[in-house]
Structure formats: structure tokens, C-alpha cells
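Every heavy atom of this structure was used, including side-chain atoms; hydrogens, water molecules and symmetry mates were not.
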Amino acid sequence: LLVAALLIGHVPIKARHNTVARASCWSATDAAANSACLQQTILSGAEKVIIPKMAGAWVVDVNTAPDSPFADRSAFDNNTCTPPVGQESCIPPSGGPPCVISPPGSDSVNCSTPRRAALYLDGTAGPWGRSVNDTTIVLEPGVEIQALRGSFAGLEDSLIQARNLSNITIIGYGASLSMWKEDYNNESLYRYSEFRMGISVYGSRGVRIYGLTVNNTGGDGLFFGDWGLPPYGNVDCHIKDFTADNNNRQGFSISGSAI
């Protein structure tokens, strides 16, 4: 069924009408496989994407997700890292100058923080060659997308990150996203941050989120912010029947331009 979902990704735009991709490759033990399955199905090119209820949660891992399609590679992916708890520095993937905790003993890093996510919703073609504009994503009742416990160590690691979208709907009545707030606030396990978001949306137009619940994140349940491409802020967005419970900072934050 995953193969079928991927094949839909090659359907020409003119043939998208009424196409459906269903993520049916769930694993009870492999978060990397779940991340790949959901990401590939979201990027399938189908007009409607369905995430079904399985025997357990869709556990996903930020460490095995693809690189952000809209991160500045030079600033975020290659030249930065977050020192693990107990270390005062780390060497970026580029092998360049180390990122250092400064001042010592704090949770501040002298590098730009990588803005990563387990799942990306990209409104530009990007390196994957397709966008998720004009798409409806349905999480069936009972679905839970859950952060892998022990992962998401980066200061801005989120479950879902979206940018430059146009006309996308997420329907999740009876479904939820969840993280591990109690772990992120344990200083023996994680560096403190208020930016491990459930969903982050940047520079998008016509985003609709209905019926979803977001729990126990390390930041906001839902965050809207600016990005460096038009429309910069978020415009014409509609949030309805959304529940945010026990998140680390706020349930719902709007930063920057109008929504």
C-alpha cells in the first residue's frame, strides 16, 4: 500500500482531482519507518491524504526525518548542532567551528539553532520536487502521532513544521499529536527550550486546522510565525475545534504578521 501511495506522487497535476493516498505502512517498533511512511504519503501528490488509526501510535523520530526543505543549509544544517546534556560543545556536520554553550552552564548556544521537524509540509516544490498545496490531510478518529521518546533533543525540534503553504486543510477530529513535555523539562535529560512545537506554521495562506488535539509538547501546541518569503506572515487561516492541553509554553501562539 505504501508503494501505491508513492505512485500517486507521479500523477500529473491535471489528474490530481479525487486522488487519495493512504498511509498504511505503520510499524509498532520502527519510528524511522513511520516517519518515512507519513512523509512520503504526504508528498505523494494526492489531493487527499489519509492517516489511519493503527494498533498503536504513529511514533516518529526527528533524527531520521529528511532535512528541512526550507532551512538555510549553510546556517542550519551543516554548521550548527545542539550540545547534548553533559557536554559544553559539539562539532557541526560540516566539521567547522564547534558550537559552544555560552555562558557555561546555561542552555544558550553560540550557533543558530537548527529548526528541525519529524514531518514537513512544504508549499514550494523544494528539493523533493512537489508541494503539498491544495491538499487535505485527514487523521482518522483515534490516530495519535507521537514523538519518539528520547529524541527531539534540538532546541527547536518540532513534530510538524510547515512553510509557504497555500490552501491546505488538516482534519483531525478525535485524533491527536503528542510529545514528552515531562522529559523535556528534566534537566538531566534535555537542554531547556520553549520551542519544541507541536505544529509550526510559517508564511502560509489558507491553512485550515479542524478538530485536532495537541498535547504535552515542549513548546506551543500550535505556533504561527513569519518566514523570509512572501507572504512572510500567515494570511486567511482558520482554526476550529482545536484543543491544546498541557503544553510547555502556550497552547496557541501568533507571532509576527497578521493571521
Measure the shortest side-chain to side-chain distance between [X] and [Y] over non-hydrogen atoms and say whether it is less than 4.5 angstrom.
X	Y	answer
Asn167	Arg208	yes
Met179	Asn248	no
Tyr210	His238	yes
Ser89	Val100	yes
Arg22	Thr41	no
Tyr120	Val132	no
Arg116	Gln161	no
Leu222	Val214	no

Could you measure the distance from the [atom1] atom of [X] to the [atom2] atom of [Y]? Nearest 0.5 Å is fine.
X	Y	atom1	atom2	value
Ser158	Ile199	OG	CD1	10.0 Å
Ile170	Leu212	CD1	CG	7.5 Å
Ile145	Asn34	CD1	CG	9.5 Å
Glu194	Asn247	CD	CG	12.0 Å
Trp58	Ser178	CH2	OG	14.5 Å
Ser200	Arg115	OG	CZ	7.5 Å

Look at the rings of Phe224 and Phe252 and say which category their plane angle falls in: under 30° parallel, 30 to 60° tilted, over 60° perpendicular.
-> tilted
Assess the side chains of [X] and [Y]: does a donor N or O sit below 3.5 Å from an acceptor N or O?
X	Y	answer
Ser253	Asp220	yes
Asn246	Asn215	no
Asp61	Ser35	no

Do side-chain atoms of [X] reach the backbone of [Y] as a donor and acceptor pair under 3.5 angstrom?
X	Y	result
Arg191	Pro83	yes
Ser204	Tyr202	yes
Ser151	Leu148	no

Given Asp134 and Glu47, is the side chain to side chain contact (heavy atoms under 4.5 Å, CB included) satisfied, shown in steps?
-> CA-CA 7 Å; Asp134 304 306; Glu47 187 178 41; over 6 Å; no
Between Tyr184 and Arg196, is there a cation-pi geometry (under 6.0 Å to ring centre, at most 45° from the normal)?
-> yes
Hey, what do you get for Cys81 versus Cys90: SG atoms under 2.5 Å apart or not?
-> yes
